[in-house]
Amino acid sequence: MSMAPEQLRSIVQAAIMAAPQPLSLRQLLELFGDQEPVSRQQLQQALQELQKSCADGGVDLVEVASGWRYQVKPAFHPWVAKLFNERRTRYSRATLETLALIAYRQPITRGEIEQIRGVAVSSQIIQTLEERGWVEVVGHREIAGRPALLGTTKAFLDHFGLRALEQLPALQTLQQSAQALAEADASPLYPRTTPVQQAPEAAPGTRAAEQDPNPFNAVEMTSVAVDQTDSESEGHPIQVGRSQIDE
């Protein structure tokens, strides 16, 4: 016997609200056994209806890389943020520029990042991004020394409210990409997509190189890069509800 659409929506809503991380379609389908079969189409319809029901509320149901989650709408951040007093980690400009290069030029080696930025990249910066779960080794360049190739993770996409790398906005310079990431990470609440989506429209040297193959200018980047001794302040990411817990 098929489950009533109203009951299906309520179960899906409750599961997403209670889950500590985004839930994928597969995970949602696993909630229903053989006694109460639910098709992928039925589940997708339920999710679409739940999204529409959020139109006049304070939260959105969104799909990110790992699955579906509820998150506070940007318009209500100023009020909800007062519930959280934890100090956020502040990332240096060098760290954000490094993250931007990895996101837009991946897979990329540490040496290639240094060539573009014009300064050395400290091991602490790479370690910070790896510990945060945003960056990982995805392979090795087949040249002398076989340097590690760095790429972003699903956790990176989830944090910035993206389903896939193709949703990264087109940016004109490394400065702008680092600034966009800084602004997107500045809010203590999900989503972190609004500032990024308002970024400039062009993309020379970015991941969308097919549109404009010109690489970043290493000389130009030297003037905006900061020394590798930039330090990271200590802190803990703010947690907002069970379906919005930051990793």
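Owing to the predicted nature of the structure, the values given are computational and were not obtained by experimental measurement.
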### Task
Kindly say whether Ser24 contributes a backbone atom to a donor-acceptor pair with the side chain of Gln27 at under 3.5 angstrom?
yes
### Message
Strictly distance-based, threshold 3.5 Å: is any side-chain N or O of Lys73 a donor or acceptor partner for the main-chain N or O of Ala55?
### Response
yes
### Query
Roughly how far, to the nearest 0.5 Å, is the CZ atom of Arg26 from the CG atom of Leu43?
12.5 Å
### Task
Determine, using the 4.5 Å side-chain heavy-atom cutoff (strictly less than), whether Ile125 and Val138 are members of one ILVMFWY cluster.
no
### Summary
In short, Thr152 meets Ala103 closest at the heavy-atom pair CG2-CA, 3.8 Å
### Query
Between Arg132 and His159, what is the shortest heavy-atom contact and its length?
NH2-CE1, 3.4 Å
### Message
So, applying side chain to side chain contact (heavy atoms under 4.5 Å, CB included) with Arg69, which one of Val59, Asp60, Val64, Leu61 is it?
### Response
Val64
### Task
Taking all heavy atoms of Gly133 and all of Ala155, pick out the closest pair and write down the distance.
O-CB, 3.2 Å
#### Entry: Pairwise side-chain contact, Ile16 with Leu28, heavy-atom cut-off 4.5 Å (strictly under)
yes
### Which atom of Asp158 lies closest to which atom of Pro22, heavy atoms considered
OD2-CG, 4.3 Å
### Task
Quick one: pull up CG in Leu8 and CE in Met3 and give me the separation to the nearest 0.5 Å.
6.5 Å
#### Entry: Heavy-atom check, side chain of Val135 versus side chain of Phe156, under 4.5 Å
no
### Query
Ile102 and Trp134: side chain to side chain contact (heavy atoms under 4.5 Å, CB included), yes or no, with the steps?
CA-CA 10 Å; Ile102 295 172; Trp134 289 347; over 6 Å; no
### Message
Are Leu150 and Glu136 packed together at the side-chain level, in the sense that at least one heavy-atom pair is separated by less than 4.5 angstrom?
### Response
no
### Query
Heavy atoms, side chains only, cut-off 4.5 Å: are Gln51 and Trp68 in contact?
yes
### Message
Tell me the closest heavy-atom pair linking Val137 and Ala148, and the distance in Å.
### Response
CG1-CB, 3.9 Å
### Query
Checking salt bridge (charged side-chain N to carboxylate O under 4.0 Å, His left out) for the pair Glu112/Arg105: CA distance, chi angles, key distance, verdict?
CA-CA 10 Å; Glu112 290 165 346; Arg105 299 291 293 273; over 6 Å; no
### Query
Got Thr109 and Glu114 here, is their nearest side-chain heavy-atom distance under 4.5 Å?
no
### Summary
Rounded to the nearest 0.5 angstrom, the CD-CZ distance for Gln42 and Arg40 is 12.5 Å
#### Entry: Side-chain H-bond candidate by donor/acceptor type, Gln45 with Glu49, under 3.5 Å
yes
### Query
If you round to the nearest 0.5 Å, how far is SG of Cys54 from CD of Gln13?
7.5 Å
### Query
Are Ser123 and Arg110 linked by a side-chain donor-acceptor pair shorter than 3.5 Å?
yes
### Task
Check the side chains of Gln48 and Gln44 for a donor-acceptor pair under 3.5 angstrom, ignoring hydrogens and angles.
no
### Query
Does some side-chain heavy atom of Leu165 sit less than 4.5 Å from a side-chain heavy atom of Gln106?
yes
### Donor-acceptor contact below 3.5 Å, side chain Gln167 vs main chain Arg163
yes
### Query
Under a 4.5 Å side-chain heavy-atom rule over Ile, Leu, Val, Met, Phe, Trp and Tyr, are Val62 and Leu25 clustered together?
no
### Pair Thr95, Ser92: side-chain N/O donor-acceptor within cut-off below 3.5 Å
yes
#### Entry: From Ile113 atom CD1 to Leu99 atom CG, the distance as rounded to the nearest 0.5 Å
9.5 Å
## Note on the structure
Scanning both residues in full, the closest heavy-atom pair of Tyr91 with Leu96 reads O-CD1, 4.0 Å
### Task
Could you check if a side-chain atom of Leu162 sits within less than 4.5 angstrom of a side-chain atom of Leu168, using non-hydrogen atoms only?
yes
### Task
Using a 4.5 Å cut-off on heavy atoms from C-beta on, say whether the side chain of Ile126 contacts that of Thr98.
yes
### Message
A quick test of your reading: do over 12 heavy atoms of other residues, nucleotides or ligands sit less than 6.0 Å from CD of Glu30?
### Response
yes
### Message
Show, in sequence, the C-alpha distance, side-chain angles and deciding distance for Ile108 and Ile116, and conclude whether the side chain to side chain contact (heavy atoms under 4.5 Å, CB included) test is met.
### Response
CA-CA 11 Å; Ile108 189 171; Ile116 294 170; 4.2 Å; yes
